[in-house]
Amino acid sequence: MPHTTWRKSSFSADVHQNCVELAAAGNGIRLRESDQPDAVLRTSPAALGIFIRAVKDGRLDRTL
């Protein structure tokens with residue numbers, strides 16, 4: 001992925017802090033954690049939107 005432009009949340013102000021990064025690709029969306037950049041997840045914009053709405057709505061909150 002040499003030509004991939006990764007973006008991180010503005011909430012991740014510290015450059016050295018672990019954060020999730022996203023990149024748009026011709027075949028969907030890529031996600032990775034900054035401290036393990038070789039582990040990349042791929043998803044579609046629709047599936048990512050469903051996931052983000054579920055997180056914001058608290059539907060994934062669980063008590064361990």
Side-chain angles (χ1 to χ4, degrees):
M1 293 174 288
H3 303 303
T4 302
T5 301
W6 292 95
R7 299 188 63 154
K8 68 176 184 171
S9 169
S10 59
F11 290 103
S12 299
D14 184 358
V15 175
H16 302 291
Q17 183 178 10
N18 298 337
C19 59
V20 174
E21 300 173 319
L22 281 86
N27 58 352
I29 304 291
R30 294 179 179 164
L31 296 100
R32 70 180 183 182
E33 191 171 339
S34 61
D35 68 338
Q36 294 196 10
D38 292 332
V40 177
L41 299 175
R42 292 178 176 86
T43 189
S44 69
L48 181 59
I50 291 168
F51 174 73
I52 290 171
R53 282 190 296 279
V55 169
K56 287 182 176 183
D57 291 345
R59 289 183 273 148
L60 303 177
D61 294 349
R62 299 280 189 261
T63 302
L64 298 177

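Residue indices begin at 1 and follow the sequence shown.
Residues Pro45 and Gly28 come closest through the heavy atom pair CD-CA, 4.4 Å. Arg32 and Ala39 make their closest contact through CB-O, 3.5 Å (heavy atoms, listed as atom of the first residue, atom of the second, distance). Taking each heavy atom of Pro37 and Ser34 in turn, the nearest pair found is CD-O, 3.6 Å.
Scanning for side-chain hydrogen bond (donor to acceptor under 3.5 Å, both in side chains) contacts around Asn27 gives an empty result, with sequence neighbours left out.
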| task | Please test Thr4 against Val40 for side chain to side chain contact (heavy atoms under 4.5 Å, CB included), starting from the C-alpha separation and ending with a verdict. | result | CA-CA 12 Å; Thr4 302; Val40 177; over 6 Å; no
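Atom CD of Glu21 is separated from atom CG of Leu31 by 10.0 Å, given to the nearest 0.5 angstrom.
No donor-acceptor distance shorter than 3.5 angstrom exists from the side chain of Thr43 to the backbone of Ile29, with no hydrogens or angles considered.
No path of Ile, Leu, Val, Met, Phe, Trp and Tyr side chains, each step under 4.5 Å between heavy atoms, connects Ile50 with Leu60, placing them in separate hydrophobic clusters. Val20 and Leu48 fall within the same hydrophobic cluster, where Ile, Leu, Val, Met, Phe, Trp and Tyr residues are linked whenever their side-chain heavy atoms come under 4.5 Å apart, directly or through other members.
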